[in-house]
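All heavy atoms count here, side chains included; hydrogens, waters and symmetry mates do not. Letters A, B, ... are given to chains in the order of the sequence lines, protein chains preceding strands, and every chain is numbered from 1. Note that the structure is predicted; figures quoted are calculated from it, not measured.
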There are 4 protein chains.
Amino acid sequence: MSATRDGKTAIAPRSRSRQKILDAALHAFSRRGFHETRMDDIAALAGVAKGTLYYNFPSKSDLFAALVCEGMERFIEVLDREIVSDLPFPEHFRRLVGVHIDLLLTWRDLFVTAANPVAHGFDPETVERVEAARDRYVEYAASAIRTGQEAGYLRPCDPDLVASQVLGLFDGILRHQRRAATPLSRDVLASEFHALLTQGLLAPRPAKGTGTGKGTGKGAGTGTGTGTGTGTEIGMGTGTGTVV
Amino acid sequence: MSATRDGKTAIAPRSRSRQKILDAALHAFSRRGFHETRMDDIAALAGVAKGTLYYNFPSKSDLFAALVCEGMERFIEVLDREIVSDLPFPEHFRRLVGVHIDLLLTWRDLFVTAANPVAHGFDPETVERVEAARDRYVEYAASAIRTGQEAGYLRPCDPDLVASQVLGLFDGILRHQRRAATPLSRDVLASEFHALLTQGLLAPRPAKGTGTGKGTGKGAGTGTGTGTGTGTEIGMGTGTGTVV
Amino acid sequence: MSATRDGKTAIAPRSRSRQKILDAALHAFSRRGFHETRMDDIAALAGVAKGTLYYNFPSKSDLFAALVCEGMERFIEVLDREIVSDLPFPEHFRRLVGVHIDLLLTWRDLFVTAANPVAHGFDPETVERVEAARDRYVEYAASAIRTGQEAGYLRPCDPDLVASQVLGLFDGILRHQRRAATPLSRDVLASEFHALLTQGLLAPRPAKGTGTGKGTGKGAGTGTGTGTGTGTEIGMGTGTGTVV
Amino acid sequence: MSATRDGKTAIAPRSRSRQKILDAALHAFSRRGFHETRMDDIAALAGVAKGTLYYNFPSKSDLFAALVCEGMERFIEVLDREIVSDLPFPEHFRRLVGVHIDLLLTWRDLFVTAANPVAHGFDPETVERVEAARDRYVEYAASAIRTGQEAGYLRPCDPDLVASQVLGLFDGILRHQRRAATPLSRDVLASEFHALLTQGLLAPRPAKGTGTGKGTGKGAGTGTGTGTGTGTEIGMGTGTGTVV
DNA sequence: GATGAATGAGACTTCATTCAT
DNA sequence: AATGAATGAAGTCTCATTCAT
């Protein structure tokens, strides 16, 4: 950010090292985890001496936390940019899901890295910083859910819980890609994710119908009508139309 | 294995220690994570000498892996027992969700402990063993999903992906309980979880219709059936606007 | 040693275990050395429980020392038996060499095991016991050398040094057998050993003489006798040129 | 590697530590053996922190192996320098023996340390490295023996076996010095060693002589004439009267 | 006479961090 | 701004030894 004699804002050499280190750290942490990654590994990967790590970051934990926080920052920035649209809600929602999958696949290292910090054996301060970064997303998502609810697009639910669950879904998706014999394509992931969020898992009601009388029965009869009866019949306890 | 005077087979002394250690280890690992937990801590907690740990388990990693594997084993056993019912599907599914939430809360330590082994920085072998334990659940769940699909209760989807996602949802739920100012009750968790799996997130189409005066039932009927084609026809952009 | 009802001296069961342990220990120690051999290894090899080792020997060091001492005891007993002969000295000496090679090959494990105890990192007491066992052989050999000198068969030399050197030669021979691509046969070993002890390494002086026409005999005769003064007058630099 | 103002290449600081460690390790290992020597001891003796040991050597075994290998390297270098002479063979041989004794006494720690690695209980890899170092000497010596044979100075024998035996003789000599009530002087050791290698152990033929006429008889008569009869009568087969 | 689960002192080793250059 | 040799606290693991059975 320092001004040079030619008037341009030069990327400070410090920043060079700093960025090289962050990149190397992300790569290393996401592959081997925090504890299995050595400062030597990161230094070697970044092509700098070990001392340079400490010149740029006060400690390994700080490097990790900085990585996650800055990463999440940028993640949300991109999300903010991508999210703007004046499509009608259904298209908008579908697009939103697609953007998430794209970002998820792009930043998978970050998500892998930031997942489940409690269990990593960090010092409490670092745990808190990393959790706070995840919280940023959760809050961001919860807020979007609230907006969607207010606009009548989303059904009533606990926005914070659902946002946490969505984060969990991300982990689940990445896990599947990691473990599956044949990872799924971006498009399949997006459509599966979309389907889960819009319909849940149940099949539309079979033709022979458990339904009452006409209305609903008919809708289901055509093999569709996702929205309609679903919640009603199998709802958690009350089994009435007011699902949540 | 020695017979006691009352004719029962005595629990070998070894088993005593072994179980005490596993209990202590679960407690310790789930609270402080693998790396922050010292073998001394576990020994002290189990009330045995440090050497006894190594008499029963070859290494810290092995203890951890044994813990997760045996835990998952028992988790699935319980699941197997609880899952049997001759309720009609909707009730059965509801019960299943409830059983999962109960088990999840009961075994939360195990889930926290086993989540995301890569990120914990285990050695590759241990990562594999822990992942394999999680795979057991994924396979179990995927198989259940397939059965549900064949019976026509569940819509078409990629069972393995969905099973992984469900595992992610568990993590998300536990995370919420950990982070939220006010953790939710078991019943609320269960009903939220159930709702998500059965309805997704969208609000049922508002009564006032999406435009045509003809009413919900019909609207759904003509709604081109999200459920039906999910796995096949839907590219991210191909879906029709009316779906959501 | 306990008398049984049939009047025979039964080999006490204790001795059974004891001997099995000693055999196993010799095998193990000679192959892996003292420190790399675990009490578990010995117990497994002997087919007894670990506690049985301690029932028979107070400690690992004691087991080792007992092994070496009893082994050397028996070695010398055999030597004593084999050594008696009324052959003329040259044949006797040749036979002696052969017997040594045979015993060496038979008891190689013992020699490997007992070699160089200082460097093994024993407690001083054990070092002393093992060294004392080797000393037994050195003294035995030195005494034989003295007898040979008194009888005029062996040249003057420091019997103790030479006996130590002979022990070293044993080590050297075993080392060669261990390392060489093609170990030598017992007979070649014996004849090489014999040649070294009787002739040293030098080639017989070539027939064409050392120069003077007067003949070899005289040259040797005037040669101031290496043999004679060896132990006494010879500083390294004082020897006259003609000796070798 | 940095150039200093006087134009010499400065000794890298690393080398300083490294050499200090090697010196300390030689001292410690040779006195207490490998297993009884603690890394702490070496660090303290070298005046560096324990971590510095591991900064310079990957493990205790490696430090040991490096010590032996580099030591043997230097040993042979010195031998190479010292060995050059244009003396006639007899003097040359005598000098060679003397140089060996000197080096042996100078480097006794190294020899004690490297002796019989099997018996020390090293891991197989380290055993191999140490044995390989000893092999270096054996090969060196065997090659010298071959040259001596080709030049007609040394009698036929198996050069590799003899070289191994010579190494064994070194061990024997050092052992004697360690155990004897009164260690022998350097000169006595040298002359005894020389005598063994040139004459073997047998006394020159007694006066009543197998000898021919005057010459030899006379020589032997004066208590000298080493060479004469020795080989003939007891030689393994080939020996002629003129031993050397 | 024999067992083997349990012990615990102490070893080797790791690796984040420092600091003189 | 960068380096890399040096550090040392702290952890995992080993293994001879014990003792109740």
* Asked: Who does dA16(E) pair with, Watson-Crick or G-U, both distances under 3.5 Å?
  -> dT7(F)
* Is dA1(F) paired to anything, Watson-Crick or G-U wobble with both distances less than 3.5 Å, and if yes, which nucleotide? -> none
* Closest approach of Y54(C) to S59(C) (non-hydrogen atoms, all atoms of both residues) -> CE2-CA, 4.2 Å
Whole angstrom value for the distance that separates [atom2] of [N] from [atom1] of [X]:
X: M39(A); N: dA5(F); atom1: CE; atom2: P; result: 17 Å
X: K20(D); N: dA6(F); atom1: NZ; atom2: P; result: 8 Å
X: F57(A); N: dA2(F); atom1: CZ; atom2: C1'; result: 15 Å
X: R18(B); N: dG4(E); atom1: CZ; atom2: P; result: 19 Å
X: N56(C); N: dG4(E); atom1: CG; atom2: C1'; result: 16 Å
X: H35(B); N: dA10(F); atom1: NE2; atom2: C1'; result: 14 Å
X: D123(B); N: dG11(F); atom1: CG; atom2: P; result: 19 Å
X: E36(C); N: dA16(F); atom1: CD; atom2: C1'; result: 15 Å

* Structure fact -> Between S61(B) and G47(D), the residue closer to the 5' end of DNA chain F by nearest nucleotide is G47(D)
Between [options], which nucleotide has the shortest distance from any of its atoms to the side chain of [X]?
X: K60(D); options: dA16(E), dC12(E), dC15(F); answer: dC12(E)
X: R38(B); options: dG11(F), dA2(F), dA2(E); answer: dG11(F)
X: Y54(A); options: dT18(E), dA2(F), dA2(E); answer: dT18(E)

* Assign T37(B) to base, sugar-phosphate, or nothing according to its heavy-atom contacts below 4.0 angstrom with the strands shown. => sugar-phosphate
* For D40(D), which contact category applies under a 4.0 Å heavy-atom criterion: base, sugar-phosphate, or nothing? -> nothing
Are OP1 or OP2 of [N] and a side-chain N or O of [X] less than 4.0 angstrom apart?
X: T52(C); N: dG1(E); answer: no
X: S17(A); N: dA2(F); answer: yes
X: Y55(C); N: dG1(E); answer: yes

May I ask you to test the [X]-[Y] pair for a side-chain heavy-atom distance under 4.5 Å?
X: R18(B); Y: F57(B); answer: yes
X: L22(C); Y: L63(C); answer: yes
X: D41(B); Y: L45(B); answer: no

* Around E125(D), counting heavy atoms of other residues, nucleotides and ligands shown, do more than 12 lie under 6.0 Å from its CD? -> no
* Crowded around E128(C) CD? As in, over 12 foreign heavy atoms under 6.0 Å? -> yes
* Structure fact -> Per nearest nucleotide of DNA chain E, the residue lying toward the 5' end, K50(A) or L53(C), is L53(C)
* Asked: Closer to the 5' end of DNA chain E via nearest nucleotide, is it V48(C) or G51(D)?
  -> V48(C)
